[in-house]
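I have placed the structure first, in the form of structure tokens, so that the comments after it can refer back to it.
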Amino acid sequence: QLQLVESGGGLVQPGGSLRLSCVASGFTLDNYRIGWFRQAPGKEREGVSCISSRGGSIYYVDSVKGRFTISRDNAKNTVYLQMNSLKPENTAVYYCAATPTRVTFLQRMCDVTKYDYWGQGTQVTVSS
């Protein structure tokens with residue numbers, strides 16, 4: 001049984017920080033590419049940040065570069081998303097997802113259609 005559980009969401013003021021965690025059970029993350037995705041009301045789900053199975057390749061959507069950091073601790077079967085300098089437009093439900101597939105091109109790392117296993121999501125709200 002492959003399962004992903006997100007935690008760490010909440011309500012923060014603009015400029016604040018949150019760290020999201022994604023814990024896997026039923027499988028070991030070291031053989032999976034992991035992505036963080038978000039979906040805001042009325043908008044499509046988009047890739048925020050994705051990381052290869054051993055952390056050697058990383059993707060960030062342009063809007064979060066310099067503010068968000070993805071990392072993984074395979075010994076703990078956990079992937080993190082550190083979010084700093086949060087903005088109201090970052091408000092969304094954030095999901096982690098996993099896929100065993102590999103990609104040739106870095107620009108395809110966070111293609112939402114390639115991810116097979118999804119968590120239930122955690123709400124992030126940025127508001128004053």
Side-chain angles (χ1 to χ4, degrees):
Q1 301 179 36
L2 288 76
Q3 188 174 35
L4 298 168
V5 179
E6 304 97 333
S7 63
L11 174 64
V12 296
Q13 294 184 331
S17 298
L18 286 173
R19 189 177 76 160
L20 306 183
S21 298
C22 175
V23 180
S25 62
F27 65 104
T28 53
L29 284 182
D30 60 334
N31 294 126
Y32 288 81
R33 172 163 45 108
I34 305 296
W36 285 99
F37 299 81
R38 66 186 176 194
Q39 188 162 26
K43 304 186 73 173
E44 295 184 354
R45 190 170 299 185
E46 68 169 344
V48 178
S49 183
C50 297
I51 186 168
S52 60
S53 59
R54 288 169 291 281
S57 297
I58 292 174
Y59 164 89
Y60 297 101
V61 67
D62 286 346
S63 61
V64 309
K65 288 180 178 178
R67 300 188 296 118
F68 290 13
T69 303
I70 192 171
S71 62
R72 63 190 302 158
D73 186 341
N74 286 346
K76 296 181 178 179
N77 233 23
T78 302
V79 177
Y80 305 96
L81 183 67
Q82 178 68 44
M83 304 186 295
N84 298 328
S85 302
L86 283 162
K87 304 175 180 180
E89 53 263 42
N90 299 143
T91 295
V93 178
Y94 283 71
Y95 302 87
C96 68
T99 176
T101 62
R102 297 191 175 192
V103 296
T104 302
F105 304 106
L106 293 178
Q107 66 187 73
R108 297 296 186 187
M109 282 192 64
C110 260
D111 183 348
V112 66
T113 67
K114 302 301 182 182
Y115 285 78
D116 305 305
Y117 310 108
W118 292 82
Q120 293 185 333
T122 185
Q123 177 71 48
V124 172
T125 302
V126 185
S127 177
S128 59

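Values in this document were obtained by computation on a predicted structure and should not be read as measured data.
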Donor-acceptor pairs under 3.5 angstrom involving side-chain atoms of residues 18-27: please list them, not counting sequence neighbours.
none

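Checked by atom type and distance alone, the side chain of Ser57 never pairs as donor or acceptor with a backbone atom of Ser52 at under 3.5 Å. With hydrogens and angles ignored, the 3.5 Å screen pairs a side-chain donor or acceptor of Arg33 with a backbone N or O of Met109. Distance alone, capped at 3.5 Å, is enough to place a donor-acceptor pair between the Glu6 side chain and the Gly121 backbone. No donor-acceptor distance shorter than 3.5 angstrom exists from the side chain of Asn84 to the backbone of Ser17, with no hydrogens or angles considered. Thr101 places no side-chain N or O within donor-acceptor distance of the main-chain N or O of Thr99, the cut-off being under 3.5 Å. Side chain of Asp111 to main chain of Arg108: no donor-acceptor pair is present (N/O by atom type, distance under 3.5 Å, no hydrogens or angles). With hydrogens and angles disregarded, a donor-acceptor distance shorter than 3.5 Å links the side chain of Thr122 to the backbone of Gly9.
Taken from SG in Cys110 to CD1 in Ile58, the straight-line distance is 11.0 Å, to the nearest 0.5 Å. Between the CD atom in Gln120 and the CD atom in Gln3 there is a gap of 7.5 Å [rounded to 0.5 Å]. Distance check: Ile34 CD1 to Cys50 SG gives 9.0 Å after rounding to the nearest 0.5 Å. To the nearest 0.5 Å, the span separating OG1 on Thr91 from CZ on Arg38 amounts to 9.5 Å.
There is no path of hydrophobic side-chain contacts, each under 4.5 Å, that joins Val5 to Ile51. A chain of hydrophobic side-chain contacts below 4.5 Å, direct or via other Ile, Leu, Val, Met, Phe, Trp or Tyr residues, connects Leu4 to Leu2. By the criterion of side-chain heavy atoms lying less than 4.5 angstrom apart, applied directly or through intervening Ile, Leu, Val, Met, Phe, Trp or Tyr residues, Val48 is grouped together with Leu106 in one hydrophobic cluster. In the hydrophobic cluster analysis, where Ile, Leu, Val, Met, Phe, Trp and Tyr join through side-chain heavy atoms closer than 4.5 angstrom, Val64 is grouped together with Trp36.
The heavy-atom pair separating Gly47 from Val61 by the smallest distance is O-CB, 3.6 Å. When all heavy atoms of Tyr32 and Tyr117 are compared, the pair lying nearest together is CE2-CE1, 3.9 Å. The two residues Ala92 and Ala40 have their closest heavy-atom pair at CB-N, 3.9 Å.
Using a 4.5 Å heavy-atom cutoff, the side chains of Thr28 and Asn77 are in contact. Inter-residue side-chain proximity for Val79 and Ile70 is flagged as met; some heavy-atom pair is nearer than 4.5 Å. Residues Arg102 and Ser53 have side chains in contact (heavy-atom distance under 4.5 Å, counting atoms from C-beta outward). Side chains of Tyr60 and Thr69 form a contact here, defined as non-hydrogen atoms less than 4.5 Å apart. Within the 4.5 Å cutoff, no side-chain heavy atoms of Val12 are placed close to those of Thr125. With contacts defined as side-chain heavy-atom distances shorter than 4.5 Å, the pair Pro88/Pro14 qualifies. Looking at Glu89 and Val126, their side chains never come closer than 4.5 Å, going by heavy atoms from C-beta outward.
Applying the salt bridge (charged side-chain N to carboxylate O under 4.0 Å, His left out) rule to Arg72 yields no partners; only residues at least two apart in sequence or on another chain are considered. Considering only residues two or more places apart in sequence or on other chains, Lys43 meets the salt bridge (charged side-chain N to carboxylate O under 4.0 Å, His left out) condition with none of them. Listed by chain and residue number, nothing satisfies the side chain to side chain donor-acceptor pair (under 3.5 Å) test with Ser71 (two or more places apart in sequence, or in another chain).
Taking the six-membered ring for Trp and thresholds of 30 and 60 degrees, Tyr94 and Phe68 have ring planes inclined between 30 and 60 degrees apart.
Applying the salt bridge (charged side-chain N to carboxylate O under 4.0 Å, His left out) test to pairs two or more places apart or on separate chains, those with a residue in residues 49-62 are Asp62-Lys65.
Tyr95 forms part of a hydrophobic cluster together with Phe37, Val93, Val112, Tyr115, Trp118, judged by ILVMFWY side-chain heavy-atom separations under 4.5 Å.
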message: Checking Val124 against Met83 for the side-chain contact (heavy atoms from CB on, under 4.5 Å) test, could you report, in this order, the C-alpha distance in whole Å, the side-chain angles of both residues, the deciding distance, and whether it holds?
response: CA-CA 10 Å; Val124 172; Met83 304 186 295; 3.9 Å; yes
